[in-house]
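Data first, discussion second: the structure below is written as structure tokens.
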Number of protein chains: 2
Amino acid sequence: MNLKQLSLELGLSQTTVSRALNGFPEVSEATRNRVQLAADRHQYRPSTRAKGLATGKALAIGHVIPVSTKHETMNPIFGDFIAGAGETYSRNGYEMILSIVDDQNENDVYRGLKARHSVDGVVVHGPRMDDPRIALLNEIGLPFVVHGRASGVTAPYSWVDVNNRRAFNRAADFLIDLGHRRIGLINGLEVMDFAHRRRNGYMDTLTANGIAADPTLMRSGEMTEEFGYTSTRDMLALPDRPTALMTSSMILAMGTRRAIEEAGLTIGRDVSVITYDDELSYLRNGGDVPIFTATRSSVRDAGRRLAEMLLADIANPFSQPQTELLEAELMVGQSTGPAPHL
Amino acid sequence: MNLKQLSLELGLSQTTVSRALNGFPEVSEATRNRVQLAADRHQYRPSTRAKGLATGKALAIGHVIPVSTKHETMNPIFGDFIAGAGETYSRNGYEMILSIVDDQNENDVYRGLKARHSVDGVVVHGPRMDDPRIALLNEIGLPFVVHGRASGVTAPYSWVDVNNRRAFNRAADFLIDLGHRRIGLINGLEVMDFAHRRRNGYMDTLTANGIAADPTLMRSGEMTEEFGYTSTRDMLALPDRPTALMTSSMILAMGTRRAIEEAGLTIGRDVSVITYDDELSYLRNGGDVPIFTATRSSVRDAGRRLAEMLLADIANPFSQPQTELLEAELMVGQSTGPAPHL
DNA sequence: AAACAAGTTCAAAGCGCTTTGGAAGCGAAT
DNA sequence: ATTCGCTTCCAAAGCGCTTTGAACTTGTTT
């Protein structure tokens with residue numbers, strides 16, 4: 001069923017039917033009802049393609065997911081993030097277009113989305129330091145919001161981010177207050193902006209408390225369970241081993257726990273662990289008392305917020321870049337305790 | 001830059017330019033080159049919308065992801081699955097459209113995708129027993145492939161699935177050969193077809209070996225770390241506790257490991273664990289020697305295969321339903337050993 | 001030189017919608 | 001009766017492509 005057939009059946013012009021359905025004022029309530037009824041009866045839905053052609057809007061948002069060719073690692077937060085964003089989109093009649101792309105050809109993908117008029121805007125995932133995508137998107141004039149920030153980029157742009165630095169400040173502070181002085185950090189790849197900020201937060205707090213940062217206690221890599229495990233195992237084998245560890249994700253923390261237990265140590269007593277927690281739906285951090293002490297912020301909420309911001313940006317093309325800094329909360333769980341006397 | 005402008009610049013008709021770019025034979029190599037060069041120079045990409053309108057194809061595949069309203073749980077395999085499928089799509093010039101939808105309104109989403117001509121086909125995620133979506137899609141005539149199968153549905157349909165039954169047969173056999181008789185199962189929700197098949201595989205093998213299935217050793221629920229933990233903890237507290245556990249995912253297995261260690265037991269000695277492993281990129285099962293003994297099959301590969309099948313289906317509308325049954329391999333790791341004498 | 005075939009190119013219609021610029025109908029005001 | 005102002009409706013153009021059917025060049029046969 002298309003507009004033509006529908007208007008023929010109603011004995012009205014396509015114009016009137018279209019206007020009736022789109023809520024224009026110059027159509028009488030009587031005919032609007034008649035049209036609406038017929039449309040419902042036939043389950044009429046305007047073709048997105050045709051509508052897009054006619055209006056110049058795509059009613060779609062692109063998500064470009066970089067997958068590193070080397071590691072083939074899919075960021076585990078991704079599912080929950082788009083679950084959040086997806087809610088906002090469908091509530092507003094938008095579709096979500098996903099492009100999985102190896103980090104070599106990213107630019108072409110953005111250019112392609114723009115040139116083919118496939119989307120009205122994009123969200124940038126996994127920003128890196130000095131990320132060139134921001135300049136690119138500004139240049140080609142495709143509205144976008146970044147999930148995170150890109151240190152080193154001076155041009156203004158819209159973003160939604162967690163206060164990673166503050167989160168790691170607080171986590172480090174919490175451990176120091178418990179008497180820990182040897183505190184390790186197991187972080188994501190430091191080209192990633194969030195990892196950079198987290199390390200800064202960690203280091204600043206150590207320094208502010210008169211603790212010299214020790215390179216042997218700082219690791220960064222792909223945030224897999226195994227990387228959490230090997231990093232922890234290696235650090236625990238050091239002559240002057242850490243009494244506390246900070247990890248950048250629950251997945252890393254799982255690996256950390258494995259290594260600690262394998263070493264015959266007890267988490268929260270021999271070694272304290274505090275992790276960053278994205279509140280992934282399948283990795284809930286325990287029930288009443290969290291398993292891990294954690295700084296946490298829901299990535300799903302971030303997705304929701306970011307999508308709203310992007311849609312607002314698109315609706316009002318002359319708006320200034322918007323930003324939103326979410327604060328992570330510190331949840332005290334069972335994985336931390338006073339520093340042991342070694 | 002659009003077709004009209006391009007053809008004007010070249011002094012050719014839109015027809016010729018279009019044909020040159022789409023590789024039609026009735027255009028001379030000389031002009032084809034000239035056209036191609038100009039197109040490259042301007043980074044010309046035909047508008048998907050316009051192309052779609054003209055051809056009647058959308059050049060897009062829909063993925064409808066059900067998110068249960070109750071649990072808000074996003075299936076963690078989802079990211080890796082679409083990473084696989086996405087590769088295939090982009091290689092073939094297709095786009096991927098994602099719909100996150102709570103399981104109430106699923107039907108409307110499929111109908112909408114069809115009516116709005118947004119996609120040429122869809123992939124059905126997370127099939128349940130007697131899943132009504134298959135009948136619906138057949139009725140509205142939207143090509144689809146199911147990731148998994150739906151027991152109870154008699155109509156033919158295309159699917160890609162892992163031999164879940166066999167995988168759990170083999171896992172159970174392996175444990176029984178090691179002398180285990182008290183074997184627990186921690187499974188996904190049993191409305192999900194895969195969980196149903198896995199339980200059947202498990203039970204058949206127990207029965208075939210003269211072991212009576214014990215309901216207290218079988219749990220099913222959302223496959224979160226916490227569910228793995230609580231299930232394991234409860235089973236270990238039984239007077240006649242299991243000496244081995246089978247879990248339906250690595251995430252569950254992590255919870256299982258936590259409970260085992262918390263009980264002061266050693267995995268692989270006091271309690272053997274064998275898990276199903278989807279080879280998620282951020283949850284690799286160890287290095288040379290896997291951490292967990294596992295039956296494994298890459299969900300990313302499944303995504304790739306399924307996407308190929310769907311595109312082939314769409315290219316040839318009169319094809320018969322295709323099916324592909326993948327076999328999981330059994331990897332022996334450190335989490336299993338001979339049954340202890342309790 | 002005419003006729004034909006093969007090889008190239010083109011004008012125009014059509015895909016399903018929105019939107020512009022009227023036009024028709026009708027009662028009130030001039 | 002004419003004009004005006006409202007309300008309600010419509011014909012047709014246009015969005016950027018593909019595709020049909022025809023036309024125009026060549027070169028080859030008769």
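Chain letters run A, B, ... following the sequence lines, proteins first, then strands; residues in each count from 1.
When distances run from any side-chain atom of B:Ser47 to the nucleotides D:dG16, C:dG16, D:dT18, the shortest one goes to D:dG16.
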Intermediate values then yes/no, side chain to side chain donor-acceptor pair (under 3.5 Å), B:Ser18 and B:Thr15: CA-CA 5 Å; B:Ser18 170; B:Thr15 310; over 6 Å; no

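Rounded to a whole Å, the CG atom of B:Leu59 is 12 Å from the C1' atom of D:dC17. Nucleotide C:dG7 holds its C1' atom 13 Å from the CZ atom of B:Arg32, rounded to whole Å. Rounded to whole angstrom, the span from the CG atom of A:Asn22 across to the C1' atom of C:dT18 amounts to 8 Å. Taking atom NZ of A:Lys57 as the reference point, atom C1' of C:dC17 lies 15 Å away to the nearest angstrom. The nearest whole Å value for the distance from the CZ atom in A:Arg49 to the P atom in C:dC15 is 13 Å. C:dC15 atom P lies 9 Å from atom CG of A:Asn2, rounded to whole Å.
Ring geometry for A:His147 versus A:Phe81: interplanar angle under 30°, hence parallel rather than tilted (30 to 60°). By the 30° and 60° cut-offs, the orientation of the rings of B:Tyr157 relative to B:Phe144 is parallel.
Within the 3.5 Å criterion, the main-chain N or O of B:Gly126 finds no donor-acceptor partner in the side chain of B:Asn75. At distances below 3.5 Å, at least one donor-acceptor pair connects side-chain atoms of A:Asn2 with backbone N or O atoms of A:Gln5. One N or O on the side chain of B:Lys114 and one on the backbone of B:Gly141 form a donor-acceptor pair closer than 3.5 Å.
Taking only side-chain nitrogens and oxygens, B:Tyr44 never comes nearer than 4.0 Å to OP1 or OP2 of D:dG16. For the OP1/OP2 pair of C:dG16 and a distance below 4.0 Å, the side-chain nitrogens and oxygens of A:Lys4 include no atom meeting the criterion. Regarding contacts with the backbone of D:dT18, a side-chain N or O of B:Ser18 is found under 4.0 angstrom from either OP1 or OP2.
In summary, of the residues considered (A:Leu311, A:Val145, A:Leu98), a side-chain contact (heavy atoms from CB on, under 4.5 Å) with A:Ile61 occurs for A:Leu311 alone.
Scanning both residues, A:Ile100 and B:Ile82, for their nearest heavy atoms gives CG1-O, 3.8 Å.
Axis orientation changes by 80° from one end of the helix from C:dA1-D:dT30 to C:dT30-D:dA1 to the other, with each end axis drawn from 5 pairs and the value rounded to 10°.
If you find the closest nucleotide of DNA chain D to B:Leu53 and to B:Phe24, the one lying nearer the 5' end belongs to B:Leu53.
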Protein proximity profile, nucleotides 6-14 of chain D - base contact B, sugar-phosphate-only contact S, no contact -, cut-off 4.0 Å on heavy atoms: --BBBBB-B

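Among residues at least two apart or in separate chains, side chain to side chain donor-acceptor pair (under 3.5 Å) pairs with a member in residues 43-60 of chain B are A:Ser118-B:Thr48.
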